[in-house]
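Just so we're on the same page: letters track the sequence lines, and every chain starts at 1.
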Amino acid sequence: MGLYLFIAAFGNYDNKDGNWAGAPRDAAYNSFGGRSDRSKSAFFNDRSAGSRGRYERGGFAGGGNSRWVEDPREDDWSKPTAPNERLEHELFSGSNTGINFEKYDDIPVEATGSFLLSMWIYVTSHCKRTDRYTRPTPVQKHAIPIIKSKRDLMACAQTGSGKTAAFLLPVLSQIYTEGPGDALQNGRYGRRKQYPISLVLAPTRELALQIYDEARKFAYRSRVRPCVVYGGADIGQQIRELERGCHLLVATPGRLVDMMERGKIGLEYCNYLVLDEADRMLDMGFEPQIRRIVEQDTMPPKGIRQTMMFSATFPKEIQILARDFLEDYIFLAVGRVGSTSENITQKVVWVEESDKRSFLLDLLNATGKDSLTLVFVETKKGADALENFLYHEGYACTSIHGDRSQRDREEALHQFRSGRCPILVATAVAARGLDICNVKHVINFDLPSDIEEYVHRIGRTGRVGNLGLATSFFNDKNSNITKDLLDILLEAKQEVPSWLESLAYEHQHKSNTRGRSKRFSGGFGARDYRQTPGGSGSYSGNRAGRNTGGHGGSRGFGGGFGGNFYSNDGYGGNYSHSGSVDWWGN
DNA sequence: AAAAAAT
């Protein structure tokens with residue numbers, strides 16, 4: 001019976017206190033019929049609701065591909081299309097160790113939302129222990145109802161928090177309910193130019209691909225066709241995929257601009273815009289492309305479209321972007337991934353540069369053969385060198401960095417995910433966003449100079465309730481991160497080596513300005529600046545810097561916040577404390 | 001300083 005409550009929650013969101021409320025009133029929620037079938041779910045058995053239509057030989061020059069012709073009587077997007085066993089298998093039986101379909105037989109399916117919910121269970125069960133999907137992550141719990149209530153959203157959250165589902169589910173749900181609108185005429189399959197209803201922008205190719213993969217799962221048996229475009233891959237093939245129909249487009253900015261200029265994509269009917277990892281995109285210099293896409297083209301203006309921004313931090317640049325792109329938005333801050341997680345044991349060891357390799361071998365030998373280890377290095381050259389070294393030492397390993405071809409990158413990731421190469425040597429490209437299940441051990445062979453990068457890296461392990469270990473090699477080259485690292489370790493209640501403590505103490509006294517972490521000068525901001533007029537925080541943690549006060553430094557927004565801000569509802573797995581709402585009922 | 005991303 002619990003599922004019904006989940007769906008009820010989708011339909012009714014009380015904006016004032018952020019609670020679920022009431023029972024579903026929307027008739028659309030019941031249009032799937034309330035069958036409680038014993039085999040699989042009623043949803044998967046409901047062949048009568050399969051799409052009516054036919055394939056027709058394409059009449060285009062150089063075409064010849066068959067295309068789907070919609071039966072005008074069946075343009076109800078809230079109804080599922082016919083099942084496709086081959087596709088179902090492709091989407092849902094991938095790398096996971098076996099979803100227990102039988103387990104869902106007893107679940108009563110009573111509302112339209114089950115369409116999405118079936119997908120939800122499929123997808124979430126991939127990365128999690130079987131009992132994990134029983135609860136939404138904090139960002140899901142809060143973002144989904146906000147998006148469902150058609151409000152713009154600025155969310156401080158990171159991937160790995162279940163963020164992808166947090167925007168895909170409600171966006172798809174709304175597309176299912178409302179149908180394609182004008183885009184039905186313009187988003188036709190076979191059209192040379194496609195008009196997606198929803199656009200998701202992501203900073204890296206792999207992240208775009210990953211979001212696309214999730215979208216395909218959630219969109220299974222719907223009329224929504226997801227596509228992905230990113231650089232480094234054959235553009236011709238991507239164009240052909242687009243021409244088969246595109247309602248939800250996931251893209252990296254550069255390739256999308258390219259596609260727009262080639263006249264392959266029109267954004268006139270793009271009612272949902274998602275900017276994922278917005279801070280990262282700005283860091284990477286994507287702002288001109290993003291503005292080109294959002295402001296200098298045909299996309300509906302803010303207020304007409306619904307816009308959702310996700311960002312790990314909330315510095316000045318992101319605030320400006322939020323002001324420009326979002327209309328009367330809801331600000332949502334949930335904790336950060338990684339550091340506050342009690343699931344990750346963080347170790348810092350002093351290792352001289354020359355000892356790193358042999359120390360690494362010791363660590364690898366101490367690790368179980370079939371558990372995944374992710375080794376971070378600082379440079380692309382370093383990644384190649386280390387991979388080579390490990391390879392010659394007889395370890396099954398691979399590497400990923402920006403100088404490798406896109407094909408190699410994806411292959412490496414696949415080899416790693418599948419366990420064929422349980423050791424992956426990576427640069428920063430793999431630090432953020434990538435959701436790799438079962439990474440047992442993250443090793444910072446080279447520590448990053450940026451604490452946020454560190455947090456992202458260790459967040460690759462200990463995901464969704466699993467236990468993880470993060471080991472970092474530290475030596476005098478890493479003094480710049482000493483203070484921030486100490487803060488993180490203390491915050492996460494980790495063991496702190498005494499040498500690190502004294503080093504941090506020395507460092508702080510040597511340089512009183514540089515020693516101040518930018519986290520506390522607002523860089524890692526997760527506070528809605530609109531509540532603090534003038535930009536100088538009314539609440540200033542005792543460690544907070546005031547250095548960005550009126551001038552608007554390059555990062556941050558003045559003021560600050562105390563260290564335990566994040567402990568409230570942070571990620572890290574223990575979702576059982578995430579509030580009084582019981583998503584699944586009893 | 002290095003990394004990422006359109007060709």
Side-chain angles (χ1 to χ4, degrees), chain A residues 158-159 199-212 227-239 241-242 249-265 275-294 296-297 311-313 317 353 374-387 399-410 412-413 424-434 444-457 460 473 475-481 514 518 554:
Chain A
Q158 292 152 6
T159 308
L199 173 65
V200 181
L201 290 176
T204 67
R205 299 161 179 177
E206 279 78 10
L207 185 56
L209 200 53
Q210 187 178 291
I211 295 168
Y212 166 72
C227 284
V228 64
V229 298
Y230 53 82
D234 179 26
I235 195 167
Q237 200 180 327
Q238 287 178 0
I239 290 171
E241 276 298 311
L242 287 177
L249 180 62
V250 186
T252 49
R255 180 55 67 91
L256 176 58
V257 169
D258 194 356
M259 288 291 190
M260 287 159 60
E261 281 164 2
R262 288 169 188 245
K264 297 299 173 191
I265 289 291
L275 302 187
D276 202 3
E277 309 249 343
D279 51 351
R280 182 100 201 276
M281 290 203 277
L282 293 194
D283 283 349
M284 287 166 56
F286 277 145
E287 185 166 359
Q289 283 108 313
I290 292 173
R291 289 195 181 272
R292 158 91 177 76
I293 292 163
V294 178
Q296 288 145 40
D297 215 88
S311 178
T313 62
E317 298 90 328
E353 216 57 35
L374 185 51
V375 184
F376 279 108
V377 294
E378 209 37 20
T379 66
K380 296 184 263 201
K381 256 171 96 174
D384 282 336
L386 191 60
E387 183 201 0
S399 73
I400 182 167
H401 62 68
D403 272 359
R404 298 200 68 187
S405 75
Q406 191 55 31
R407 210 184 156 280
D408 285 350
R409 280 163 60 166
E410 279 159 33
L413 218 46
L424 178 67
V425 182
T427 58
V429 70
R432 299 188 193 213
L434 287 189
N444 280 311
F445 190 86
D446 301 317
L447 266 167
S449 52
D450 180 6
I451 194 64
E452 287 169 31
E453 174 74 18
Y454 172 85
V455 170
H456 279 290
R457 285 184 183 184
R460 296 314 97 197
F473 296 175
N475 59 40
D476 25 66
K477 282 172 79 179
N478 307 114
S479 56
N480 51 0
I481 203 179
R514 287 192 60 231
K518 72 181 162 196
S554 66

- Query: Between A:Q406 and A:E410, does any side-chain donor sit less than 3.5 Å from a side-chain acceptor?
  - Reply: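 Present: a donor and an acceptor within the cut-off.
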- State which residues pass side-chain contact (heavy atoms from CB on, under 4.5 Å) with A:N478; sequence neighbours excluded, sorted by chain then number.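 Partners of A:N478 by the side-chain contact (heavy atoms from CB on, under 4.5 Å) criterion, ordered by chain and then number, come out as A:L447, A:F474, A:N475, A:I481.
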- Message: Please determine whether a side-chain nitrogen of the Lys or Arg among A:K380 and A:D384 lies less than 4.0 Å from a carboxylate oxygen of the Asp or Glu.
- Response: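 Not counted as a salt bridge, because no side-chain N and carboxylate O are separated by less than 4.0 Å.
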- Message: Give me the atom names and distance for the closest heavy-atom approach of A:L256 to A:A251.
- Response: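 Answer, listing the atom of A:L256 first, then A:A251: CB-CB, 3.9 Å.
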- Classify the nucleic acid contact of A:G232 as base, sugar-phosphate or nothing, counting any heavy atom under 4.0 Å across all strands shown.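 A:G232: backbone/sugar contact only, no base atoms under 4.0 Å.
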- Looking for any heavy atom pair under 4.0 Å, which part of the strands does A:R262 touch: base, sugar-phosphate only, or nothing?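 The residue A:R262 makes no contact with any strand.
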- Item | Set of residues satisfying side chain to side chain donor-acceptor pair (under 3.5 Å) with respect to A:Q289, sequence neighbours excluded |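 Applying side chain to side chain donor-acceptor pair (under 3.5 Å) to A:Q289 gives none.
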- Query: Of all nucleotides in DNA chain B with an atom under 4.0 Å from a non-hydrogen atom of chain A, which is the first and which the last going 5' to 3'?
  - Reply: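 The contact span of chain A on DNA chain B goes from B:dA1 to B:dT7.
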